[in-house]
K.L.:
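Just passing along the structure, written as C-alpha cells.
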Amino acid sequence: MSDSESKAPTNFIKQIIEEDLRSGKNDSRVHTRFPPEPNGYLHIGHAKSICLNFGIASEFGGLCNLRFDDTNPGKEEQEYVDSIKTDVRWLGFDWSEREYYASDYFQQLYDYALQLIRGGKAYVCDLSADEIREYRGTLTETGRESPCRSRSAEENLDLFQRMRDGEFEDGSRTLRAKIDMASGNINMRDPVIYRIQRAYHHRTGDAWCIYPMYDYAHCVSDSLERITHSLCTLEFEDHRPLYDWFLEQLGIFHSRQIEFARLNLSYTVVSKRKLLKLVKGGHVRGWDDPRMPTLSGIRRRGYPPEAIRDFCNRIGVAKAGSTVDISLLEFCVRDYLNKCVRRVMAVLRPLKVVITNYPEGREEKLDAVNNPEDPGAGTRKVPFSRVIYIERDDFMEDPPKKYFRLAPGREVRLRYAYFITCTNVVKDREGEISELHCTYDPATRGGDAPDGRKVKATLHWVSAGHAVDAEVRLYESLFTQEDPEDVADEGDFLSNLNPGSLQVLLSCKAEPCLREADAGDRFQFERLGYFCVDPDSRDGAPVFNRTVTLKDTWAKVQKWEHQKERSR
RNA sequence: UGGGGCGUCGUCAAGCGGUAAGACACCAGGUUUUGGUCCUGGCAUUCGGGGGUUCGAAUCCUCCCGCCCCAGCCA
C-alpha cells in the first residue's frame, strides 16, 4: 500500500480506538476481523468493510482476521469461500495464516452452551417456529414466556445432549437464551441460540445436526480470536445488548461491537438478494458481469483495486445512512488509470477515410507517446497509410456552431500523424455516408504545422490495412434511476433496469499493438475512455470492456443543447 | 403506540463551546497534438425546526419534526 493511501481521514471508529489505546485497554492491542458469510459473492459494499477492517488494523499496527461466518449450512458453499478469498486478495489485503471459520468453534460453542444451561441462562424449548413467533409478541406488545422456560438444568442438559445426538426432528426443539420476554428489544426476548438442522456442512460434513445462531456464534468467535473491535453494519445495532449479554454470562474476553453505515451507491443495488435476482433472472450474464457491483464484476470491468481502496478511503465512515454518488467511484477509477495506463488508438464506429493525395501503397511508422503522464512509459510506432478509419462521431456534414471536429472543407489533426482536410463526402444508395475523401499536408508530419497554423480538433484514427478487428462492450449503469428502488407503484427495482446498459460493438478497429493484449490488460483508448481486455478474447480477436469513459465536455454540451431545444 | 439509531452544500464528510475543513459533482477561465490530464477562481452568513443556557452554540439543555432498522429456528 502506498503512502498516499495510508492517510485515510479520521472517523469515529478510529477515535474510539485511539481512546482505548490511550487508556491501555486490551493491552493496547488492535485486532479486527472481516467476517463474511460464504453464501454469495462479495460486492463493493463489502469492499468498504474490508478496507475498514484491514485498514484500521494496519494503521494501528494490529491484525485483521478473515473469518467465515458459516453457521447456516443450508446456504453456504465452498465455492463462495473460494471466491471470497480471491476477491479479498485481489483487493490487496493479506490475512496471513489467520483464516478462520465459525465452524472451527462448533465444539467450543457447544461447551459454552452447556455452561449457559448449567447457569440457568439457557433452556431447551419445545415450541414450534410458529409458536415461538406467537409467544414473541410484537413491536408494541411484550412477549409471553415459553412453558419450557422453567425446566431444570438437568433436564435441559439431557435434552440438549439428545438434540445434539440427533434424537429429535429438525425444527422440533431449540436451545434458547433465558433473558427477558418483556424487553422492548425483541432480540432479548429469549432468542434461539441453537436449532436442529440435518444439513451437510461444507466443512464439518455430518458431524453436527445442531447449529448455533449468528448472535451466539459471532460474539463468541470474536472473543475466541480476541478481537478487540468488532465492526459491523448499523442493522446489528440492536443486537449489541445480546452480543454483550453472552460474553458477560460466559465471562470470557469481551470484544467491543461498533456499528457503521453500510455503503449504498447511486444507480446501483448492493444487496445479495437483489444481485442474486439479477443473475437468476438472466438480467446480467453472471456474477462477474462487468455491470455488476460485485468485486468479480468490477474486476472484469477493469476497475483497479487501487481505485477501489482510494474510493473506500474517500467516502469515510459514519453512522448516517448514506448513498454515495457513483461519480466519485468513477473519478477514482479515472484518477488512477490516467496515471498508469498506456494510451492507444482504437475506432469504435469506423468511418473510412481515403487520403487522396497520399501515395497508393505507401506506409510509414509514426511515433506515438504511450503515456503523457508518465514519460517512462516511452513511445511506440503506429502505422499510417492512405486509407484509415476515424470515428463516425468525429465527422458532421452540417456541424453546429460548437462542433470543431471534421466537416466538409475543414482541417483537423490526426493524432501523431498529419493535418487533413475533408474534400468530399461519399454516400451510399440510402444516403448514408460511406466514406470521406481528404487531402493531407505532408509538412505537418507528426502533427505540427511549421507555419504555426492551428486546428481546433485532434482525432484518433487507425490505418485500415493494419487494423486489428475487435469487439468492444460498452457499459452504462444497470439502472435508470438514481435510486433503483424508486418505483412507480407496482413493480420492483427490475422495472428500473436500463435497457441500454450493454452495447456490443462488433466491427471496431484497433491499432496493431493490441493484437497481443492479454486478458486483464488495461488501456486508454485516446479520447474515448479506459478499456480492459475481457477473458472472452481469443488469439487475434480481442474483446474489450469499457471500464469508464473519459470525462467528456463535448457530450455535456450536446446534452445541454438538447435540453434547451426540448424546452423550447 | 415498544426498542435502537440518524439528521452539516446536489452527494459523501470534517467539526467535540471561540465564530462552517476537504472531496466528488457543478459553474467560469487558463494551458494543451486526447473537447482528457493539469492549473486558477466560484460554490453552506449557516448546520432539520422552535425555545433556552452562554460574552459566544453546528457543538450544551429542552420540546417538536423527518428518515432508517428490528417481530428468521438468516447473517
Side-chain angles (χ1 to χ4, degrees), chain A residues 9-11 15 35-37 39 69-72 74-76 125 127-129 132-133 136-143 170-176 182-189 191-197 210-211 213-215 217-218 232-241 259 261 263 266 272 311 314-332 334-335 338-339 343 345 368-369 372-373 402-405 413-417 419 444 446-448 454-460 482 524-529 549-557:
Chain A
T10 191
N11 59 54
Q15 291 177 349
E37 182 190 10
N39 71 340
D69 224 331
D70 56 350
T71 58
N72 187 0
K75 292 184 175 170
E76 296 147 4
C125 182
L127 257 28
S128 69
I132 284 185
R133 189 180 311 119
R136 188 159 31 225
T138 68
L139 293 178
T140 51
E141 298 160 37
T142 62
D170 283 13
S172 61
R173 276 181 232 260
T174 56
L175 183 70
R176 295 226 256 163
S183 173
N185 182 344
I186 291 179
N187 296 118
M188 300 300 268
R189 316 235 267 228
V192 170
I193 61 183
Y194 267 94
R195 73 281 215 190
I196 304 172
Q197 195 179 150
I210 57 172
Y211 291 95
M213 298 287 289
Y214 165 84
D215 285 305
H218 201 89
C232 63
T233 43
L234 253 26
E235 67 270 27
F236 292 101
E237 211 151 14
D238 30 301
H239 292 239
R240 183 163 17 102
E259 312 83 15
L263 169 67
S266 60
K272 282 182 189 171
F311 172 73
R314 284 170 184 266
I315 58 178
V317 180
K319 296 196 67 159
S322 61
T323 300
V324 177
D325 200 320
I326 189 80
S327 66
L328 178 60
L329 213 208
E330 294 179 342
F331 166 82
C332 294
R334 289 187 188 108
D335 192 46
N338 174 52
K339 291 173 197 140
R343 264 123 256 231
M345 292 192 286
V369 173
E373 305 295 316
K402 287 174 183 156
Y403 184 89
F404 42 82
R405 279 111 92 145
R413 170 168 42 234
L414 294 178
R415 178 142 236 226
Y416 302 125
F419 284 12
T444 59
D448 270 315
K454 298 286 182 208
V455 288
K456 293 203 70 172
T458 299
L459 311 187
H460 60 278
E482 193 166 323
Q524 182 196 104
F525 288 178
E526 293 226 29
R527 302 209 304 133
L528 297 174
T549 60
L550 250 28
K551 266 177 63 183
D552 190 347
T553 39
W554 168 239
K556 214 186 283 178
V557 169

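Each chain gets a letter, A, B and so on, in the order its sequence line appears, and its residues count up from 1.
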K.L.:
Once you apply a heavy-atom cut-off of 4.0 Å, does A:Gln524 come out as touching a base, just sugar-phosphate, or nothing?
P.N.:
base
K.L.:
For a quick check of understanding: with a heavy-atom distance under 4.0 Å over all strands, which category does A:Tyr194 fall into, base, sugar-phosphate or nothing?
P.N.:
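It contacts nothing in the nucleic acid.
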K.L.:
By the 4.0 Å heavy-atom rule, please label A:Pro36 as base, sugar-phosphate, or nothing.
P.N.:
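The residue A:Pro36 makes no contact with any strand.
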K.L.:
Assign A:Ser322 to base, sugar-phosphate, or nothing according to its heavy-atom contacts below 4.0 angstrom with the strands shown.
P.N.:
sugar-phosphate
K.L.:
Among B:C26, B:C24, B:C38, which nucleotide has an atom closest to any side-chain atom of A:Leu328?
P.N.:
B:C24
K.L.:
Decide yes or no, distance alone: a donor-acceptor N/O pair under 3.5 angstrom between the base of B:G3 and the side-chain of A:Glu237.
P.N.:
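Result: no qualifying N/O pair found.
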K.L.:
In sequence, state the C-alpha distance, the side-chain angles, and the governing distance for A:Lys319 and A:Glu237, and then conclude on side chain to side chain contact (heavy atoms under 4.5 Å, CB included).
P.N.:
CA-CA 11 Å; A:Lys319 296 196 67 159; A:Glu237 211 151 14; 2.4 Å; yes
K.L.:
Which nucleotide sits closest to the side chain of A:Val192: B:C73, B:A25, B:A75?
P.N.:
B:C73
K.L.:
Need one value for A:Thr142: base, sugar-phosphate or nothing, where a base atom within 4.0 Å counts as base even if backbone is also close, heavy atoms only.
P.N.:
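No contact.
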K.L.:
Below 4.0 angstrom from OP1 or OP2 of B:U11, is there any side-chain N or O of A:Ser266?
P.N.:
no
K.L.:
Can you identify which nucleotide, out of B:G36, B:C74, B:C27, has its nearest atom closest to the A:Lys556 side chain?
P.N.:
B:C27
K.L.:
Check for a donor-acceptor pair, side chain of A:Glu76 on one end and backbone N or O of A:Asn72 on the other, with a separation under 3.5 Å.
P.N.:
yes
K.L.:
Expressed as a whole number of Å, how far does the C1' atom of B:U37 sit from that of B:A75?
P.N.:
45 Å
K.L.:
Just compare B:A13, B:A14, B:G3 and give me whichever is closest to any side-chain atom of A:Ala320.
P.N.:
B:A13
K.L.:
Looking only at side-chain atoms of A:Phe331, point me to the closest of B:A25, B:G72, B:C69.
P.N.:
B:A25
K.L.:
Describe the nucleic acid contact of A:Val317 in one word from base, sugar-phosphate, nothing, applying a heavy-atom distance below 4.0 Å.
P.N.:
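Sugar-phosphate, no base atom in range.
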K.L.:
Would you say A:Arg133 places a side-chain N or O within less than 4.0 Å of OP1 or OP2 belonging to B:G72?
P.N.:
yes
K.L.:
Please check the phosphate of B:G35 (OP1 and OP2 only) for any side-chain N or O of A:Lys402 closer than 4.0 Å.
P.N.:
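Looking at the OP1 and OP2 atoms of B:G35, neither is under 4.0 Å from any side-chain N or O of A:Lys402.
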K.L.:
Which residue lies toward the 5' end of RNA chain B, A:Lys75 or A:Ile186, if each is placed at its nearest nucleotide?
P.N.:
A:Ile186
K.L.:
Nearest to the side chain of A:Asn72, heavy atoms from C-beta on, is which of B:A75, B:G10, B:G36?
P.N.:
B:A75
K.L.:
Should the side chain of A:Arg334 and the base of B:G36 be counted as holding a donor-acceptor pair, with the cut-off at 3.5 Å?
P.N.:
no
K.L.:
Using atom P in both nucleotides, what's the gap between B:U54 and B:A20 to the nearest angstrom?
P.N.:
23 Å
K.L.:
Pick base, sugar-phosphate or nothing for A:Tyr211, based on heavy-atom distances below 4.0 Å to the nucleic acid.
P.N.:
nothing
K.L.:
Would you say the side-chain atoms of A:Ser183 pair up with the backbone N or O of A:Asn185, donor to acceptor, closer than 3.5 Å?
P.N.:
yes
K.L.:
So what's B:G2 paired with, Watson-Crick or G-U wobble, going by both distances under 3.5 Å?
P.N.:
B:C70
K.L.:
Any idea which of B:C12, B:C73, B:G36 is nearest the A:Arg195 side chain?
P.N.:
B:C73
K.L.:
Could you check whether A:Arg314 gets within reach of a base, just the sugar-phosphate, or nothing at all, counting any heavy atom under 4.0 Å?
P.N.:
sugar-phosphate
K.L.:
What nucleotide among B:G35, B:A71, B:C69 has an atom nearest to a side-chain atom of A:Leu139?
P.N.:
B:A71
K.L.:
I'd like the C1' distance from B:G5 over to B:U46, given in whole Å.
P.N.:
26 Å
K.L.:
B:G22 P sits how many Å from A:Asp335 CG, rounded?
P.N.:
18 Å
K.L.:
Return the nucleotide paired to B:U40: Watson-Crick means purine N1 to pyrimidine N3 with N6-O4 or O6-N4, wobble means G-U with N1-O2 and O6-N3, both under 3.5 Å.
P.N.:
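Across all strands, the one nucleotide that pairs with B:U40 is B:A28.
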K.L.:
When the nearest nucleotide of RNA chain B is assigned to A:Thr140 and to A:Arg343 on a heavy-atom basis, which residue is associated with the more 5' position?
P.N.:
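Nearest-nucleotide comparison on RNA chain B picks A:Thr140.
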K.L.:
Between A:Asp325 and A:Ser327, is there a side-chain donor-acceptor contact under 3.5 Å, judged purely by atom types and distance?
P.N.:
yes
K.L.:
Counting only Watson-Crick pairs (N1-N3 plus N6-O4 or O6-N4) and G-U wobbles (N1-O2, O6-N3), all under 3.5 Å, who is the partner of B:G7?
P.N.:
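Result: B:C65.
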K.L.:
Would a line drawn from the ring center of A:Tyr403 to the ring center of A:Trp554 be shorter than 6.0 Å?
P.N.:
yes
K.L.:
Using the C1' atoms only, state how far B:A13 lies from B:G22, rounded to an integer number of Å.
P.N.:
8 Å
K.L.:
Hey, are A:Lys556 and A:Asp552 close enough for a salt bridge, meaning a charged N less than 4.0 Å from a carboxylate O?
P.N.:
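No, A:Lys556 and A:Asp552 are not salt-bridged.
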K.L.:
Would you indicate, yes or no, if B:G2 has its OP1 or OP2 atom less than 4.0 angstrom from a side-chain nitrogen or oxygen of A:Thr138?
P.N.:
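Looking at the OP1 and OP2 atoms of B:G2, neither is under 4.0 Å from any side-chain N or O of A:Thr138.
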K.L.:
Which whole-number value in Å describes the distance from A:Ile196 CD1 to B:C73 C1'?
P.N.:
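So the CD1-C1' distance, A:Ile196 to B:C73, works out to 9 Å.
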K.L.:
Indicate, yes or no, whether a donor-acceptor pair under 3.5 Å links the base of B:C16 to the side chain of A:Gln15.
P.N.:
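Yes, the side chain and the base share a sub-3.5 Å donor-acceptor pair.
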K.L.:
Under 4.0 Å, counting only non-hydrogen atoms across every strand here, what does A:Leu127 touch: a base, just sugar-phosphate, or nothing?
P.N.:
base
K.L.:
Over all strands shown, is A:Met188 touching base, sugar-phosphate only, or nothing at heavy-atom distances under 4.0 angstrom?
P.N.:
nothing
K.L.:
What is the separation between atom CG on A:Asp552 and atom P on B:U34, rounded to the nearest whole Å?
P.N.:
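Atom CG in A:Asp552 sits about 14 Å away from atom P in B:U34.
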K.L.:
Given the P atoms of B:C27 and B:U8, what is the spacing between them in whole Å?
P.N.:
24 Å
K.L.:
Identify whether the glycosidic angle of B:G72 places it syn (within 90° of 0) or anti.
P.N.:
syn
K.L.:
Got a donor-acceptor contact below 3.5 angstrom from the A:Ser266 side chain to the A:Ile326 backbone?
P.N.:
yes
K.L.:
Which nucleotide, in any strand shown, forms a Watson-Crick or G-U wobble pair with B:A57, with both distances under 3.5 Å?
P.N.:
none
K.L.:
Let me know the distance between CD of A:Glu373 and C1' of B:U32, rounded to the nearest Å.
P.N.:
11 Å
K.L.:
Spell out, as yes or no, whether a donor-acceptor pair under 3.5 Å connects the side chain of A:Arg415 to the backbone of A:Ala368.
P.N.:
no
K.L.:
Over all strands shown, is A:Leu459 touching base, sugar-phosphate only, or nothing at heavy-atom distances under 4.0 angstrom?
P.N.:
nothing
K.L.:
Measure the distance from CD on A:Gln197 to C1' on B:A75 and round it to the nearest whole Å.
P.N.:
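In whole Å, B:A75 C1' and A:Gln197 CD are 13 Å from each other.
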K.L.:
Between P on B:G36 and CE on A:Met345, what's the gap in Å once rounded to a whole number?
P.N.:
18 Å
K.L.:
Which nucleotide sits closest to the side chain of A:Arg136: B:A75, B:A25, B:A71?
P.N.:
B:A71
K.L.:
Between the base of B:A75 and the ring of A:Tyr214 - centre-to-centre under 5.5 Å, planes within under 30° - is that a stack?
P.N.:
no
K.L.:
Between B:G4 atom C1' and A:Arg189 atom CZ, what is the distance in whole Å?
P.N.:
13 Å
K.L.:
With the side chain of A:His239 defined as its heavy atoms from C-beta on, choose the nearest nucleotide among B:A75, B:G4, B:C12.
P.N.:
B:A75
K.L.:
Any side-chain to backbone donor/acceptor pair from A:Thr444 onto A:Phe419? Under 3.5 Å, distance only.
P.N.:
yes
K.L.:
Let me know the distance between CZ of A:Arg415 and P of B:U32, rounded to the nearest Å.
P.N.:
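Whole-Å distance recorded here is 14 Å.
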